[in-house]
Amino acid sequence: MAKSEMTYADAICRAIEEEMAKDPTIFTYGEDIAQQGGIFGQYKGLLGKYDDRVIDTPISEEVIFGSAVGAALAGTRPIVEFHFADFLFTGMSAITNQIMKIRYMSGGQRDLPIILRGPDGRSNNAAAQHSQSIESIFMHLPGIKVVIPSTPADVYGLYKTALNQPDPVIVFEHKQMYGRKGMVDDEEYRIPFGKADIKRAGTDITVVTTSRMVHESMQAAAELANSGISLEVIDLRTLVPWDRETVINSVKKTGRLLIVHETWKRAGWGAEIASVVQEEAFDYLDDPIYRVGAKNVPNSFSPEQENFIMPDKENVLAEVKKFLL
Amino acid sequence: MAKSEMTYADAICRAIEEEMAKDPTIFTYGEDIAQQGGIFGQYKGLLGKYDDRVIDTPISEEVIFGSAVGAALAGTRPIVEFHFADFLFTGMSAITNQIMKIRYMSGGQRDLPIILRGPDGRSNNAAAQHSQSIESIFMHLPGIKVVIPSTPADVYGLYKTALNQPDPVIVFEHKQMYGRKGMVDDEEYRIPFGKADIKRAGTDITVVTTSRMVHESMQAAAELANSGISLEVIDLRTLVPWDRETVINSVKKTGRLLIVHETWKRAGWGAEIASVVQEEAFDYLDDPIYRVGAKNVPNSFSPEQENFIMPDKENVLAEVKKFLL
Amino acid sequence: MDITKEKLIELYEKMVLIRSFEMKAEEKFYNNEIPGFIHLYIGEEAIATGIIDHLRKDDLITSTHRGHGHMLAKGADPKLMMAELYGKRTGYCKGKGGSMHIMNFDLGVLGANGEVAGGLPIAAGAGMAIKMIKKTDQVVVAFFGDGASNRGAFHEALNWASIYNLPIIFVVEYNQYASTVNSNFATSVDNIADRAKGYDIKGITVDGNDLLEVYETAAEVISAVRNGSGPVLLECKTYRLKGHFVGDPQEYREDAEVEKKWKDEPISKFERYLMEKDYLDDETKNEIWSKYTKVIDEALEYARNDSFPTAKEALTDLFADDTGYDY
Amino acid sequence: MDITKEKLIELYEKMVLIRSFEMKAEEKFYNNEIPGFIHLYIGEEAIATGIIDHLRKDDLITSTHRGHGHMLAKGADPKLMMAELYGKRTGYCKGKGGSMHIMNFDLGVLGANGEVAGGLPIAAGAGMAIKMIKKTDQVVVAFFGDGASNRGAFHEALNWASIYNLPIIFVVEYNQYASTVNSNFATSVDNIADRAKGYDIKGITVDGNDLLEVYETAAEVISAVRNGSGPVLLECKTYRLKGHFVGDPQEYREDAEVEKKWKDEPISKFERYLMEKDYLDDETKNEIWSKYTKVIDEALEYARNDSFPTAKEALTDLFADDTGYDY
Ligand SMILES: Cc1ncc(C[n+]2csc(CCOP(=O)(O)OP(=O)(O)O)c2C)c(N)n1
Ligand SMILES: Cc1ncc(C[n+]2csc(CCOP(=O)(O)OP(=O)(O)O)c2C)c(N)n1
Ligand SMILES: [Mg+2]
Ligand SMILES: [Mg+2]
């Protein structure tokens with residue numbers, strides 16, 4: 001199949017544009033998206049094509065998020081930009097108490113096709129209020145599907161699914177990945193939710209990860225391969241639902257599990273994966289399950305401190321040493 | 001030592017009143033607290049004594065929470081009522097981005113003695129937006145100490161500590177426990193944060209729990225004792241910090257761990273406990289760690305459905321059956 | 001404005017329906033038949049009635065925790081409403097919502113809402129979709145309380161509606177209280193409508209207990225909004241005759257205050273008007289009340305006889321592709 | 001109002017200090033010496049200068065993401081500020097905050113803030129504590145942007161300050177933009193001060209590029225507020241001469257628009273006034289600029305020579321009883 005190289009940001013735009021062409025009720029809005037194509041340029045690819053469906057808003061997060069419910073129930077398919085995952089908190093109730101509950105509270109009367117999307121995670125030296133990864137919260141509270149892709153090909157296929165299904169979805173796009181390039185099939189395709197991707201097959205240790213940490217883990221795996229340690233790197237791609245089967249089968253094979261995420265280690269989503277795996281594959285585990293995550297403090301502005309707080313390849317390598325191989 | 005019987009709500013009022021007498025900068029505010037003593041009557045015990053320091057506010061959660069930062073930095077010690085844990089979300093950014101970060105971002109310039117307090121958890125048939133337990137989120141995001149007491153004696157002693165320490169604290173008081181009675185020492189005392197209480201000693205299975213589920217677990221333990229199964233029930237009392245030592249020592253003794261909480265099972269705080277324990281006591285575990293929590297859906301209004309979603313003693317009993325005793 | 005006798009009687013009947021429903025709900029709550037907590041619309045019937053009568057079925061409304069009146073005015077079946085209050089299977093929300101979350105999208109009711117001001121952003125989004133994407137002439141009415149007008153969501157929604165010139169009527173039901181707190185204390189302005197200036201939109205205050213005034217003002221406002229005038233803030237002064245919720249000890253107000261306010265309640269006020277006009281006499285009045293007593297009794301019977309949803313069905317309806325709690 | 005020459009020159013110098021700091025910060029950002037992103041106060045100096053000069057050290061302010069000017073006006077040491085922008089150990093926040101979170105509680109600066117409108121609730125709480133508990137005559141000034149005035153927090157804070165009659169001056173820096181979005185589009189009123197009516201407080205609009213007008217108005221307002229007048233909303237019209245942040249491509253506006261606005265910038269405007277009055281000539285002017293060039297060069301030297309905090313120190317300062325990440 002023919003493929004083209006494109007950035008993560010452009011892969012998203014391509015998916016949205018294709019679907020906008022088919023479905024005139026898709027529109028997108030948020031802060032700073034229409035004039036300059038998003039604060040990370042992530043909307044640039046859409047500008048000029050559907051300008052009446054790419055809309056700037058005031059700084060009013062509670063309405064930005066809550067409006068999605070009204071828009072969906074009025075018969076449209078809104079894609080809402082949240083600007084920074086950190087500012088999901090400024091309209092949090094509209095998400096947790098409205099978007100995530102109204103279908104259930106109504107007894108399932110109608111579909112609620114909403115996409116919340118935006119940048120999650122570290123952006124260098126942006127300090128405590130602009131570098132949080134908060135996807136774990138949406139795995140805990142029920143009511144939204146959680147997508148957290150690591151490559152242009154994945155983000156394209158997952159958007160195509162998101163834009164053709166009936167439920168609220170939140171897409172965490174990592175700030176540092178918008179410019180990352182990769183090959184994407186020229187033909188349209190969808191990637192189902194709940195299907196992990198084994199980014200690298202291996203035999204010694206299963207690594208479960210997402211987003212930017214997929215790449216850090218892959219680098220660690222490449223290095224470890226030189227010393228004869230074989231990592232199987234599983235990219236979950238979606239956290240709600242998450243692919244238990246692929247993870248558990250891998251752990252049954254390797255006997256070892258390391259979970260790697262950028263968000264805080266304490267009570268992060270890795271804890272859920274660890275809890276389920278130790279329950280379902282107890283007899284297969286040769287070692288404890290280890291987790292890599294950010295240190296449990298807010299992010300510091302000072303560069304060295306940020307590097308220390310935020311996990312990367314080095315932390316993966318260090319943690320692997322704990323396994324009794 | 002002489003003791004008196006009092007309700008959970010009155011034990012809180014007693015602690016606050018004693019401290020208000022000593023410290024004229026303590027004051028408390030929130031919705032519906034001054035006219036009728038709180039929506040659950042939980043402020044009644046304070047009325048008439050310090051009326052100028054018990055203040056009703058408009059329905060303005062973002063300011064209710066965010067104001068605590070200004071009040072603390074201006075040299076007072078605010079106790080802020082959040083009305084329903086569900087509505088922490090309506091002012092969430094003021095908590096997560098301000099209260100929980102400003103000390104850190106400032107480089108530790110000054111103390112930030114703030115108490116956020118209010119009702120958490122199930123209140124029968126209040127449906128999806130009035131029965132959430134959301135303490136897990138505050139264990140994940142760093143920056144606040146999390147207190148979640150189960151008895152009048154505990155809540156009294158923990159408040160005494162909270163009101164005499166320098167950092168933000170959030171106290172989750174269970175809606176169904178305000179009226180619960182218990183004995184409290186007549187003499188003043190404090191209970192340190194991070195010190196669990198073994199509510200019942202046992203040998204077969206360690207149960208780690210908090211709040212209302214302590215009582216459900218104690219009932220289960222009493223019943224199981226009749227069939228010769230001995231549960232050790234550990235009430236964590238605080239989640240940040242949490243008492244690893246007591247839990248791990250108990251698991252090393254029993255070889256089995258069950259975590260019981262009312263909040264959603266998926267990515268709830270139980271997952272963190274499970275992850276840490278399997279890491280630290282891997283070789284001591286005879287069985288997988290199991291967890292009891294709410295089903296991963298919003299709460300339903302319909303009574304039978306709510307009973308099905310929300311965990312209770314029966315779920316503890318059912319889960320215990322999974323252990324190979 | 002010329003209003004026919006038939007229309008006036010129809011409006012009267014609508015208010016009687018709402019009142020009858022609420023009285024029965026109150027009784028059955030005290031009976032311990034209705035679980036949870038319910039907030040009654042008694043004393044505020046003229047607002048929902050006078051406004052919603054001008055709406056089409058495809059017009060949309062957002063409601064509040066005090067939502068029974070809005071639902072009934074928008075055409076809800078009292079049977080399915082009562083069944084929902086009982087948590088039963090054929091209730092509007094299959095028993096999952098209850099009083100505080102009663103809603104029906106087919107009727108254009110985008111939800112009663114347990115979050116104060118929670119409906120305002122939803123209305124803003126519906127208005128946006130209508131105006132900018134669907135380009136129909138539907139309108140949206142957002143009901144909310146005086147207490148809600150102090151939440152940030154109010155401000156954001158009004159600014160939003162103004163800048164996009166959306167077809168939204170913001171209706172504040174100024175019933176003097178937010179739970180236990182008097183709005184004279186907690187709200188910085190006497191008239192919420194004065195806040196309209198801060199959004200460069202029209203603000204109007206009416207006597208919300210005067211059905212005719214509400215009805216006539218709403219007629220004008222709604223038709224203007226439908227024709228593209230942009231949003232309007234319509235304030236209806238009323239009074240919450242009952243406690244905040246059924247069972248509220250009401251220690252924050254004097255009985256005398258409430259008693260006095262009963263003299264101004266909208267149904268008898270309108271009755272007096274109809275009787276003066278000779279559109280209503282005691283006999284017809286009694287007939288109407290009996291008719292709705294019967295309607296509500298039937299609704300009650302229906303709700304009681306309906307079955308509860310099963311426990312396991314609690315795991316449906318979260319997502320369209322139901323995979324329940326394993327999800 | 002009678003203002004001495006000395007005071008006028010002092011105010012001028014304060015503006016020059018801020019401008020010099022900002023120009024150096026911009027340069028060093030482009031040099032890749034300053035990490036993260038920074039938002040410059042260039043063109044808005046008259047506001048912080050004209051207002052904060054009336055404050056005592058124990059008065060409190062809340063700032064924004066564009067906070068350097070407020071800090072400097074409140075008496076911050078440029079050395080410790082620059083060190084913070086560099087993420088160094090002796091910076092005001094030990095390098096943990098950076099530009100967007102620069103603050104010093106001893107100076108009464110309760111924080112620059114990365115959350116738009118994040119300072120408004122903080123100001124409301126400070127005012128509450130002062131008025132109701134501490135009962136001192138301190139005042140609070142809350143700075144925020146035109147964009148911020150569309151967030152719910154603005155509304156809640158103003159209503160709050162009004163009902164408790166708090167000693168707060170809300171200062172909106174109307175610089176025409178919220179990042180890429182023009183306030184003519186996103187803000188429903190031309191003058192944010194018009195929103196004051198919605199809270200029953202005084203609203204005033206001044207030319208924020210006219211130091212004298214800001215200074216004189218602030219004198220009156222602050223003394224009234226200190227004497228118990230209750231909160232005031234003071235709007236200062238200005239213009240953001242630089243990009244939203246350093247490096248902003250500014251595709252959303254024409255260069256010509258910006259060039260035109262440079263003609264109205266506050267420092268040369270005030271210079272013209274001082275020169276007309278014969279308070280300033282080219283020589284003194286040059287001396288003053290040289291003086292602050294030196295001050296800033298020294299600050300830069302200081303910041304460069306300062307060491308970075310260690311990585312491990314990232315685990316301190318979250319709580320007073322530091323137990324770091326194990327907590
Ligand atoms: C965001 C939020 N805060 C607080 C509450 C608790 N609460 C429920 S109703 C209510 C009062 C609402 O007053 P108002 O808006 O005037 O409506 P009314 O009850 O008078 O109809 C409060 C504080 C809530 N449900 N949601
Ligand atoms: C709650 C929140 N939403 C969005 C942002 C992103 N953001 C940072 S500054 C800004 C524009 C602010 O405009 P304004 O208040 O006018 O201040 P100015 O930058 O013009 O000084 C935006 C949208 C943020 N930091 N916080
Ligand atoms: Mg009210
Ligand atoms: Mg601006």
Side-chain angles (χ1 to χ4, degrees), chain B residues 29-41 43-44 47 55-66 83-84 86-91 93-94 122-132 264-266 293-310, chain C residues 34-37 65 84-89 91 93-102 113-118 145-153 178-183 185-188 244-245 248-253 308-318 324-327:
Chain B
Y29 54 96
E31 295 163 24
D32 299 304
I33 70 172
Q35 299 291 312
Q36 202 164 273
I39 214 77
F40 296 91
Y43 282 82
K44 273 214 154 57
L47 299 185
I55 300 165
D56 272 334
T57 68
I59 310 175
S60 302
E61 282 86 5
E62 193 160 352
V63 170
I64 295 175
F65 306 147
H83 210 75
F84 277 85
D86 312 74
F87 302 118
L88 285 165
F89 291 123
T90 53
S93 188
R122 174 177 183 175
S123 130
N124 290 345
N125 310 114
Q129 293 174 334
H130 284 77
S131 45
Q132 298 168 80
W264 293 286
K265 182 175 172 185
R266 190 175 61 213
K295 309 260 187 308
N296 300 316
V297 290
N299 193 19
S300 172
F301 170 71
S302 202
E304 275 305 293
Q305 295 194 330
E306 177 170 33
N307 288 336
F308 177 69
I309 292 167
M310 291 285 183
Chain C
I34 293 181
F37 43 114
H65 54 287
E84 188 58 35
L85 266 59
Y86 272 71
K88 295 293 181 76
R89 169 184 293 283
C93 309
K94 301 185 189 162
K96 287 196 165 84
S99 161
M100 240 188 319
H101 307 291
I102 200 155
N113 212 310
E115 179 190 330
V116 167
D146 36 356
S149 81
N150 296 324
R151 271 208 59 220
S179 307
T180 68
V181 177
N182 198 304
S183 286
F185 165 68
T187 307
S188 49
H244 173 53
F245 50 84
D248 178 1
Q250 301 181 63
E251 290 165 27
Y252 49 84
R253 65 179 179 185
F308 283 106
T310 66
K312 286 240 161 109
E313 284 166 322
L315 304 183
T316 62
D317 295 325
L318 182 57
Y325 74 99
D326 251 325
Y327 219 44

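Proteins come first, then strands; the chains are lettered A, B, ... in the order of their sequence lines, and each starts at number 1.
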field: side-chain contact (heavy atoms from CB on, under 4.5 Å) partner of C/Val181, chosen from B/Asp32, B/Ile33, B/Thr57
entry: B/Asp32

Between [X] and chain B, with a heavy-atom cut-off of 4.5 Å, which part of the residue counts as in contact: side chain, backbone, both or neither?
| X | result |
| --- | --- |
| C/Ser183 | neither |
| C/Phe185 | side chain |
| C/Leu85 | backbone |

query: Can you name the side chain to side chain donor-acceptor pair (under 3.5 Å) partners of B/Asn124, sequence neighbours left out?
result: B/Arg122, B/Gln176

task: With sequence neighbours excluded, tell me which residues meet side chain to side chain donor-acceptor pair (under 3.5 Å) with C/Asn150.
output: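 Expected list: C/Thr187, C/Arg195, D/Asn159.
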
What distance separates [X] [atom1] from [Y] [atom2], expressed to the nearest 0.5 Å?
| X | Y | atom1 | atom2 | value |
| --- | --- | --- | --- | --- |
| C/Glu313 | B/Phe308 | CD | CZ | 10.5 Å |
| C/Thr180 | B/Ile39 | OG1 | CD1 | 6.0 Å |
| B/Asn296 | C/Leu315 | CG | CG | 9.0 Å |
| C/Arg89 | B/Ser302 | CZ | OG | 9.0 Å |

How close do [X] and [Y] get, counting heavy atoms only, and between which atoms?
| X | Y | answer |
| --- | --- | --- |
| C/Thr310 | B/Gln305 | O-NE2, 3.0 Å |
| B/Val297 | C/Ala314 | CG2-O, 3.8 Å |
| C/Gly95 | B/Ser300 | O-OG, 3.9 Å |
| B/Ala127 | C/Gly97 | CB-O, 3.8 Å |
| B/Gln36 | C/Tyr252 | OE1-CD2, 3.0 Å |

task: Report the C-alpha separation of C/Asn182 and B/Gln35 in whole Å, then their side-chain angles, then the decisive distance to 0.1 Å, and conclude whether the side chain to side chain donor-acceptor pair (under 3.5 Å) test is met.
output: CA-CA 10 Å; C/Asn182 198 304; B/Gln35 299 291 312; over 6 Å; no

What part of [X] lies closer than 4.5 angstrom to a heavy atom of chain C: side chain, backbone, both or neither?
| X | value |
| --- | --- |
| B/Ile59 | both |
| B/Thr90 | both |
| B/Ala128 | backbone |

query: Heavy atoms, side chains only, cut-off 4.5 Å: are C/Ser99 and B/Phe301 in contact?
result: no

query: Of all of C/Lys88, C/His244, C/Lys312, which one pairs up most often with chain B through heavy atoms under 4.5 Å apart?
result: C/Lys312

- prompt: Based on non-hydrogen pairs under 4.5 Å, which of C/Ala153, C/Gly91, C/Ser179, C/Gly152 is most in contact with chain B?
  reply: C/Ser179

query: For the residue pair C/His101 and B/His130, does the interplanar ring angle fall in the parallel (under 30°), tilted (30 to 60°) or perpendicular (over 60°) class?
result: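 Plane angle between 30° and 60°, so tilted.
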
query: So which of B/Glu304, B/Lys44, B/Glu306, B/Lys265 has the largest heavy-atom pair count under 4.5 angstrom toward chain C?
result: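 It is B/Lys44.
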
